[in-house]
Structures are given as C-alpha cells and as structure tokens.
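Right, one structure below, let's go through it.
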Amino acid sequence: MAPHKLTEYERLRLENIKRNDQMLAALKIHSKLSQLSESTKRPRTQTKSYKVSPEKKHRTETPIVLRRSLRTRGVAPDSSTAGGLKDDFDESQSSISRKNPNSDSESPLTKRAYERGPISMRDAYRTDASDRKLIEAILDCSRKSRLSESNNELDDTIKGMEGNELLGSLKVGRKVWGSIDVDALKLEPDNIARVVPGRILNVRFLPTTDARIVVVGNKFGDVGFWDVDADAEDGDGIYLYHPHPAPISGIACNPFSLSKMFTSCYNGFIRLMDTERELFELVYAGDHAVFSLSQSPNDMNSLYFGEGNGQLRVWDARTGKSSSSWGLHQNRINTIDFKPQNTNIMTTSSTDGTACIWDLRKVGVNRSTALKCIRHERAVHSAYFSPSGRFLATTSADNMVGLFSGDTYQNMTMVYHNNQTGRWISSFRGIWGWDDSYVFVGNMRRGVDVISTTGKDVTATLQSEHMSAIPCRFDAHPYEVGTLASATSGGQVYIWRPS
DNA sequence: CTGTATATTATATTG
DNA sequence: CAATATCCATATACAG
C-alpha cells in the first residue's frame, strides 16, 4: 500500500502549499488595506490587527520547501501512528530551526537536538514593526512591580497570619476583589483587536497595574501580545512571536516577575519567555502532549502541567527538573487550578468526564487519594475555584456548568448551558470574575453568558454589535475589577470594561 | 479494549 | 453573496 500512502502525503503537501498561498494573498490584502486606510484617513477606528513582516512571511513559507524535501527524501513519517501527530509537529518546528544551516540536511536526531534549545525572541518574532516598545513596556512593568513588592511591608505581616482566609487570599496572587455591575460592562471599538491568526486557545492579562497587556496563544504555536493602550503608530501595539510549532495549551505569567512567562505546547515542550534575556528558553521537552499548565499561586518555583493521557507533573525551577508523573486521570487533563487560600488544594478537569480535588501533600504518596471526584456525563473542560475558594465551577461537554459549595464542596448545582462548540471553536470554560458572584462562559450566539451563584442560572448575557465572533476563552484582569478579556477562534480579542 | 471513520460546529476567504 | 476549506475536538458507531 506504499503508493497509496505516497499520494496521500502528496495531497497533504499540496494542500499545505495552497493554504500558504492563500495566507500570503491574505497578507497582501491586509497591507493594502492598511495603506488604504492610512491614505484615506478614515475617522472610523479600523479594527486593530497583527501585521506580519514580508521577511518573516518568507520565513513562514520555507517549511513548505522543507516539508517537501523531507518527504521526497523519504524520511519516514512515523512507524507508530499514521495520524502523524508528532511528525507534523516536528516538521512545522523546522520552520524555526531553519536558522540552523545544517538542520534540514541532518538526521531527525540532530534536528531534534537543535530544537531542544532556546529560541531568541528576535528569531521568533513575526510582526512588521519593531518589538522594542513591547520589551521595554514589559521590563518597565516588571521593575515597577518589583519595587512595590520590596516596599510592601504588608507581605511580611501577612506571612505570619496564614490562618486568616481573607488576608491569605490577598497575599496569594494579589488578585483584587470586588463586585461588579454586569450591566455596566461594555465593549468599546478601541478594545478590539485581531492579535493572532487562527484559533486562540489561551488568553491572559499580564499581571500588572502599570499597563494593559494581553497575551494569547493560538493553535499554530504563535504567541501574540497586545499592548491595549499603545499608540496607533506603533503597529497598533500588536506583536507576534512563533516560539512553538503546535497549539499552545497554556500560558502562566509570574506576578512577581513579569519578565518570566511560561508557555506550553501540544508537542510536549514548555518554554520560558524571559524578556530580560530576550529568549524563549526550553525548560521541558517531553514525549507526550502537554495539555494544561498552571502555577501554584504562591510558589513560583513549581510549575504544574498535564501531559498525555491524564498524567500530571511538577517542574521545579530551582533544579530545572520535573517530578515523576502522577496518573491522575484516564484522559487528557484540560485545566489545573489551585485553591487561593490553601494552595495544597488543587483541582483538575479531564476529558475522562471527571473533575477532581486533590491534596498535594498526599497526591505524591498515593494517587488514589482524591479528596473529591466530580463526575460529569461527558468531558470536563474546566474546573476553577472561586476567588474566595468557597465555590468550584466546572464546565462540561454534557451541557452543564457545575457549581459546588460547602466544606467539602458537597452542595451541587448543575446549570444547563449549551457547550457544544463543534470542531472549530475552542471548548468553553466558565471562569470566575472578581468575587464569588459570577461565572463567565461563552455562548454560541456571540455572547458571554453570566451565571450567578445566587440565582443559580444565566442571569445576563454580554452582547455587542462589535463582537463578530464567538468568544470562547476568557481572562479576568487580576487587578482591574470588571476588565474581562474574551478571545475567539478567529484570533480576535475583545476587552469588556465597566462603563 | 484499541483503532478508524464520520458528523458536528463557525469563520475567513474565494470566486 | 454564496460556496468552500478549515482538519489535532469530541462522541458515537462499528470492526477487530
């Protein structure tokens, strides 16, 4: 059946070439449009969008050539799975490794070795305009937050008061608390941008009060930044990097050091974007897909991630090594979250249809010691603790959003919610706002459903004529009450703010 | 129990 | 404006 397979590959290759041509054509139109809008000087605010530089465009085109050469060279895709998951990732990764003149003529092993290293931000950068402004902005925020931290005597006071729940939550992650008026949340045209191409899997505000910077990860392995308040002449404040070859499954920002940000990828790699050294360092390279990533809120040295079919690992920043893996689930772990008031308590959600609560002091010893196991009828796409830790919210493909409360989260409320996103929209994940009042979750009618914990139902829906696609992934700003980022499968980000 | 095949879904781009 | 390509999510049906 060898000839049959070959034609199949040929077909895929041609499709890829075609897709690339389409993208190039689209980019040309993009730049023409932007020129046009400049010359005609439309008073109307043109929707902000990423712009890829012609040079880098060329670079993104090259993997096609590589792809072909690999195929024609007869480099076997993979003996194990015809799906070619790993294989595909490896190939697209070579778009980055192209910098290495030897990489495409070397054996896969050498290619692999090259991939297992840092990537400079410069090499990963794809946008037209310079990224100096972004780097300076991040470093500036980082310096400021460090300054305020060292001056913050409250920290030490709080450390001696572990028992106090409220103070504990203030310390951890330093998230602000506050109630909001849902009706006051508005979407202004200025707060809309297309930050990356393709589907966004992850959106996150940089944890700072000194700037509003949004980070997103998409299915191509791009990491996009949007400095929301940037001047229009600075490329709309949008910056695009390509540090990964496959979908980005997690972004974890260090609130105590803004210049350090982790990103995880379906190809099994985790990188640390170090803005000071201007590198995407490689911190972990596993053989299984990494599906979820989370940092323990008050222990920046521990990075938790879900890998393969239900495995969980902890990576230690001090040793640079990861723990042995714990088999917590039967299928992929979609989210990992910690109880803000007691970070020994962790919750995971999984495609195996369960969400579990774990005590980290026990889980390493005997993994069958889940404190609680919540069973949905289908895959569970998320499980998050509320800001006070008194609630747990789960979102499942069984069209339910679960709300759990009580000492052992024994009180259950299931709120019906259509979570059938199909193939092209990232699964919905209900997230908490700035207190225990509301859970925000996307809906298929281009709105954001707001579920009230007291009303135990969808009490409001954020809608706007400006929102032209389905918001599927969210982040509540950690320090600005009422500032909510929503991201779509078309690469757009919408930022709702209180009016 | 493991693997394959298929329907589902919305968006952006094409003609 | 309607047709089309997307293609790494997920559940189900069915074969081995």
Side-chain angles (χ1 to χ4, degrees), chain A residues 1 4-5 8-9 11-30 32-33 47 49-50 77-93 194-202 217-222 244-249 264-269 288-292 307-309 330-335 349-353 376-382 395-400 418-429 442-447 467-473 486-494:
Chain A
M1 300 307 116
H4 177 74
K5 252 191 175 173
E8 175 71 3
Y9 289 139
R11 191 181 63 79
L12 285 171
R13 183 172 64 79
L14 287 170
E15 272 180 16
N16 275 314
I17 291 168
K18 199 170 160 192
R19 190 169 53 199
N20 235 270
D21 284 346
Q22 287 169 352
M23 194 159 174
L24 278 173
L27 287 163
K28 269 178 207 152
I29 290 166
H30 255 304
K32 277 214 178 105
L33 268 178
T47 307
S49 177
Y50 69 93
D78 200 328
S79 50
S80 55
T81 52
L85 187 101
K86 271 282 179 188
D87 184 56
D88 242 13
F89 290 165
D90 286 351
E91 282 188 29
S92 12
Q93 176 119 27
R194 191 181 299 271
V195 183
V196 289
R199 200 167 102 208
I200 292 175
L201 284 86
N202 234 291
N218 72 359
K219 72 167 184 184
F220 299 129
D222 300 323
H244 291 283
I248 288 178
S249 51
S264 61
C265 179
Y266 278 26
N267 80 330
F269 285 22
H288 304 282
V290 176
F291 290 117
S292 43
E307 164 184 88
N309 280 339
Q330 300 297 108
N331 211 324
R332 71 164 59 171
I333 296 173
N334 294 310
T335 60
S349 66
S350 169
T351 299
D352 70 8
H376 276 269
E377 309 229 335
R378 303 268 171 86
V380 186
H381 289 135
S382 68
T395 308
S396 168
D398 68 2
N399 288 339
M400 291 292 171
N418 176 22
N419 295 327
Q420 300 307 307
T421 51
R423 185 175 192 165
W424 316 118
I425 312 294
S426 294
S427 57
F428 292 151
R429 295 174 173 177
N443 78 21
M444 293 300 274
R445 302 183 54 214
R446 298 179 184 173
M467 200 153 69
S468 59
I470 292 166
C472 49
R473 296 289 162 94
S486 46
T488 75
S489 284
Q492 300 102 322
V493 174
Y494 303 98

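The structure presented is a predicted model; accordingly, all values stated were derived computationally and were not measured. In what follows, chains carry the letters A, B, and so on, assigned in the order in which the sequence lines appear, proteins first and then strands, with residues in each chain numbered from 1.
Here A/Y494 pairs with nothing under the ring-ring contact (aromatic ring centres under 6.0 Å, His included) rule; sequence neighbours left out.
None of A/S349, A/S382, A/S350 except one satisfies the side chain to side chain donor-acceptor pair (under 3.5 Å) rule with A/T335; the exception is A/S349.
The minimum heavy-atom distance between A/L201 and A/Y266, with the atom names listed, is CD2-OH, 3.8 Å. Between A/F428 and A/M444, the shortest heavy-atom distance links the atoms CZ-SD, 3.7 Å. Scanning both residues, A/S426 and A/S489, for their nearest heavy atoms gives N-OG, 3.5 Å. For the residue pair A/V195 and A/Y50, the shortest heavy atom distance occurs at O-CB, 3.4 Å. Between A/Q492 and A/I200, the shortest heavy-atom distance links the atoms O-CD1, 3.5 Å.
Computed from coordinates, the A/N399 CG to B/dT8 C1' distance equals 13 Å when rounded to whole Å. Rounded to whole angstrom, the span from the CE atom of A/M467 across to the P atom of B/dA10 amounts to 15 Å. The interatomic distance linking A/N218 (CG) with C/dC8 (P) rounds to 12 Å, in whole Å. When the C1' atom of C/dC8 is taken as reference, atom CZ of A/F220 falls 12 Å away, rounded to whole Å. Distance, A/W424 CH2 to B/dT13 P: 15 Å, rounded to whole Å. Between A/N331 atom CG and C/dC8 atom C1' the separation is 14 Å, expressed in whole Å.
Counting only Watson-Crick or G-U wobble pairs whose defining distances are both under 3.5 Å, the stems of 3 or more consecutive pairs in DNA chain B are B:1-8 with C:9-16, B:10-15 with C:1-6.
For the pair A/M400/A/H376, a side-chain contact is recorded, criterion being any heavy-atom separation below 4.5 Å from C-beta on. Taking the side chain as every heavy atom from C-beta outward, A/S427 and A/R473 approach each other to under 4.5 Å.
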Output a table of nitrogen or oxygen pairs between the protein and nucleotides 9-11 of chain C separated by less than 3.5 Å.
residue	atom	partner	partner atom	Å
C/dA9	OP1	A/Y266	OH	3.2
C/dA9	OP2	A/R332	NH1	3.1
C/dA9	OP2	A/R332	NH2	2.6
C/dA9	N6	A/R423	NE	3.4
C/dA9	N6	A/R423	NH1	3.1
C/dT10	OP1	A/H381	NE2	2.9
C/dT10	OP2	A/R332	NH1	3.4
C/dA11	OP1	A/A379	N	2.9

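A sub-4.0 Å separation between OP1 or OP2 of B/dA12 and a side-chain N or O of A/Q492 is present.
Only the C1' atoms considered, B/dT13 is 22 Å distant from C/dC8, to the nearest whole Å.
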